[in-house]
Q: 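The structure's right below; bear with me while I get my questions together.
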Amino acid sequence: MERFIMDGFQIQIPLDELTKRLCLADEEDVELMRKKLAEALAIACPKALYRICKVNGIEDDTVQIEGKEFHSKVLAARLKDVHHVFAYVVTCGTEVDEWSRKEKDYIVNLWLDILKEMILGEARIQFQTALCERYGIPKLSSMGPGSGNLDTWPIAQQRPLFELLENVTEDTGVVLTASYLMHPTKSVSGVLFPSDKEFVTCSLCKRTNCQNRREPYKEHTDI
Ligand code: SF4
């Protein structure tokens with residue numbers, strides 16, 4: 001099946017959105033981040049790679065996608081009536097990541113980390129919107145290895161996902177480490193699939209104090 005690279009995302013992050021997220025009140029800090037934001041947006045080149053994949057079969061908690069085997073009870077339940085998925089990686093990009101690593105101040109470094117996360121968030125929204133428009137899909141849901149609880153979709157399944165996508169590092173700069181983490185760390189991966197109602201893994205996740213939570217935890221009776 002075909003694979004595609006998407007870049008040229010138009011990332012716009014208003015300064016007040018950034019300062020609100022960072023809880024900055026001091027004028028000097030705001031001024032510093034105004035400059036950092038302008039620099040980051042000039043340098044950032046987020047990228048996405050995706051591949052349209054056929055779901056070959058589902059048995060218990062095992063899903064076969066283009067010959068690769070994935071083990072997740074939740075994924076198996078979500079893909080029950082799905083024939084194709086988009087396997088994907090989206091990243092803030094190595095350019096802004098390398099730029100941010102030159103920052104020596106510990107606190108500013110943390111702020112830049114959040115800024116990269118916002119860049120990734122914007123790219124991810126634009127990527128998903130572009131897929132919906134390109135393929136005429138009203139709604140897409142996403143799941144990725146390592147999201148949710150430890151057993152929702154084990155993070156080790158990043159390996160077959162990267163194998164499925166092929167040449168991820170060459171095409172996006174994203175490297176998968178031996179412990180299945182991605183570099184740049186502000187990268188996301190998984191599968192997107194059509195769904196009537198958006199499914200958000202956070203609704204299964206019992207982790208507390210997660211700043212990125214998109215939905216409250218709730219009991220699922222269909223998994
Ligand atoms: S609550 Fe946080 S850790 Fe849990 S799935 Fe959502 S984003 Fe991930």
Side-chain angles (χ1 to χ4, degrees), residues 7-49 88-128 142 144-150 152-156 158-159 161-162 168-190 200-202 205-217:
D7 53 13
F9 296 106
Q10 300 299 314
I11 307 295
Q12 289 179 346
I13 296 171
L15 179 66
D16 58 347
E17 216 176 278
L18 176 65
T19 54
K20 197 173 158 198
R21 178 88 187 265
L22 300 177
C23 303
L24 299 185
D26 188 282
E27 273 299 314
E28 249 180 64
D29 292 340
V30 172
E31 197 44 44
L32 172 73
M33 286 315 287
R34 180 197 304 280
K35 289 184 187 138
K36 294 287 183 193
L37 175 61
E39 276 180 58
L41 294 184
I43 290 167
C45 186
K47 294 170 195 69
L49 165 68
Y88 75 93
V89 167
V90 184
T91 179
C92 69
T94 52
E95 299 81 357
V96 72
D97 192 57
E98 281 163 18
W99 164 81
S100 72
R101 282 172 195 284
K102 291 179 192 144
E103 178 58 55
K104 297 280 185 290
D105 185 290
Y106 177 73
I107 298 294
V108 177
N109 219 300
L110 294 179
W111 292 345
L112 295 185
D113 227 39
I114 292 176
L115 173 53
K116 286 187 291 178
E117 195 169 289
M118 292 173 83
I119 291 171
L120 169 64
E122 272 296 306
R124 188 183 188 170
I125 291 170
Q126 290 181 27
F127 165 63
Q128 201 159 321
S142 172
S147 62
N149 301 315
L150 286 178
T152 304
W153 189 2
I155 196 164
Q158 284 276 53
R159 189 67 65 203
L161 180 68
F162 268 60
V168 177
T169 306
E170 290 84 337
D171 290 335
T172 66
V174 177
V175 174
L176 187 64
T177 67
S179 49
Y180 310 112
L181 298 176
M182 290 180 281
H183 279 291
T185 51
K186 301 305 174 194
S187 304
V188 285
S189 62
V200 179
T201 320
C202 300
C205 181
K206 294 180 181 165
R207 275 177 231 186
T208 51
N209 301 325
C210 175
Q211 287 201 334
N212 296 322
R213 181 175 284 283
R214 289 171 57 209
E215 259 194 26
Y217 170 76

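Sequence positions, counted from 1, serve as the residue numbers for this chain.
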Q: Please find the pair of heavy atoms, one from Ser187 and one from Val174, that lie closest to each other, and give the distance.
A: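 In terms of heavy atoms, the two residues are closest at OG-CG2, 3.8 Å.
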Q: For Thr152, check side chain to side chain contact (heavy atoms under 4.5 Å, CB included) against everything at least two apart and list the hits.
A: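 Thr152 satisfies side chain to side chain contact (heavy atoms under 4.5 Å, CB included) with Val74, Met143, Asn149, Thr201, Leu204 once adjacent residues are dropped.
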Q: Give the minimum heavy-atom separation between Val90 and Ala48, together with the two atoms involved.
A: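 In this case the closest contact between Val90 and Ala48 is CG2-CB, 4.0 Å.
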Q: Quick one: side-chain hydrogen bond (donor to acceptor under 3.5 Å, both in side chains) partners of Tyr180, sequence neighbours excluded?
A: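 Tyr180 satisfies side-chain hydrogen bond (donor to acceptor under 3.5 Å, both in side chains) with no other residue.
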Q: What residues, two or more places apart in sequence or in another chain, satisfy side chain to side chain contact (heavy atoms under 4.5 Å, CB included) together with Glu95?
A: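 For Glu95, the residues satisfying side chain to side chain contact (heavy atoms under 4.5 Å, CB included) (neighbours in sequence not counted) are Ile43, Cys45, Lys47.
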Q: Counting N and O atoms only, with roles assigned by atom type, does the side chain of Glu122 sit under 3.5 Å from a partner on the main chain of Ile13, one being a donor and the other an acceptor?
A: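 Between the backbone of Ile13 and the side chain of Glu122 there is no qualifying donor-acceptor contact (under 3.5 Å).
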Q: On a heavy-atom basis, which atom in Pro145 and which in Gly190 lie closest, and how many Å separate them?
A: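 What the structure gives for the nearest pair is CD-CA, 4.1 Å.
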Q: Taking only residues two or more places apart in sequence or in another chain, which ones pass side-chain hydrogen bond (donor to acceptor under 3.5 Å, both in side chains) with Thr172?
A: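 If we apply the side-chain hydrogen bond (donor to acceptor under 3.5 Å, both in side chains) test to Thr172, skipping adjacent residues, there are no hits.
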Q: How long is the span from the OG1 atom in Thr91 to the CG atom in Leu49, to the nearest 0.5 Å?
A: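 It is 11.0 Å, given to the nearest 0.5 Å.
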Q: Nearest 0.5 Å please: distance from the NZ atom of Lys186 over to the CG atom of Leu115.
A: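 These two atoms lie 10.5 Å from each other.
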Q: Under the side chain to side chain contact (heavy atoms under 4.5 Å, CB included) test, which residues partner Ser179, sequence neighbours left out?
A: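 Side chain to side chain contact (heavy atoms under 4.5 Å, CB included) list for Ser179, sorted by chain: Thr177, Leu181.
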Q: With sequence neighbours left out, what residues match Gln128 under side-chain hydrogen bond (donor to acceptor under 3.5 Å, both in side chains)?
A: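 Listed in chain order: nothing, the list is empty.
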Q: What residue pairs, at least two apart or across chains, pass salt bridge (Lys or Arg N to Asp or Glu O under 4.0 Å) with a residue in residues 168-179?
A: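 For residues 168-179: Arg3-Asp171.
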Q: Which pairs would a plain distance check flag for residues 34-41, meaning a side-chain donor or acceptor within less than 3.5 Å of a matching protein atom at least two apart in sequence or in another chain?
A:
residue, atom, partner, partner atom, Å
Arg34, NE, Glu31, OE1, 3.1
Lys36, NZ, Glu103, OE1, 3.0
Glu39, OE1, Trp99, NE1, 2.9

Q: Check Ala44 against Ile119 and note the closest heavy-atom contact, atom names and distance.
A: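 Heavy atoms only, the tightest pair is CB-CD1, 4.1 Å.
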Q: Does Arg124 reach the side chain of Ser142, with side-chain heavy atoms less than 4.5 Å apart?
A: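 They are in contact (side-chain heavy atoms under 4.5 Å apart), so the answer is yes.
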Q: Distance from Ile155 atom CD1 to Leu161 atom CG, nearest 0.5 Å?
A: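 It is 11.0 Å, given to the nearest 0.5 Å.
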Q: Which heavy atom in Ser147 sits nearest to a heavy atom in Gly144, and how many Å separate them?
A: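 Smallest interatomic distance, heavy atoms only, reads OG-O, 2.7 Å.
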Q: What residues form a salt bridge (charged side-chain N to carboxylate O under 4.0 Å, His left out) with Arg214, not counting sequence neighbours?
A: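 Checked Arg214 against salt bridge (charged side-chain N to carboxylate O under 4.0 Å, His left out); matches are Glu198.
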Q: Holding to ring-ring contact (aromatic ring centres under 6.0 Å, His included), I want the full list of residues that pass it with Phe127, two or more places apart in sequence or in another chain.
A: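 Counting only residues at least two positions away or on another chain, Phe127 forms a ring-ring contact (aromatic ring centres under 6.0 Å, His included) with Tyr50, Tyr88.
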Q: If you look only at pairs with a residue in residues 11-24, which of them pass as a side chain to side chain donor-acceptor pair (under 3.5 Å), with sequence neighbours excluded?
A: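 Only Arg21-Glu117 qualify under side chain to side chain donor-acceptor pair (under 3.5 Å).
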Q: Heavy atoms, side chains only, cut-off 4.5 Å: are Val108 and Leu32 in contact?
A: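 Yes, side chains in contact.
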Q: Using every non-hydrogen atom in the two residues, find where Phe9 and Ala123 come nearest and quote the distance to one decimal.
A: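 Looking at all heavy atoms of both residues, the closest pair is CE2-O, 3.8 Å.
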Q: Taking side chain to side chain contact (heavy atoms under 4.5 Å, CB included) as the definition, give me every residue that meets it alongside Ser100, ordered by chain and number, with sequence neighbours left out.
A: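 So Ser100 forms a side chain to side chain contact (heavy atoms under 4.5 Å, CB included) with Asp97, Leu112, Lys116.
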Q: Quick one: pull up SG in Cys92 and CD1 in Ile11 and give me the separation to the nearest 0.5 Å.
A: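 Cys92 atom SG to Ile11 atom CD1 measures 10.0 Å (nearest 0.5 Å).
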Q: Could you tell me whether the side chain of Arg213 and the main chain of Arg207 form a donor-acceptor pair under 3.5 Å?
A: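 At least one qualifying donor-acceptor pair exists.
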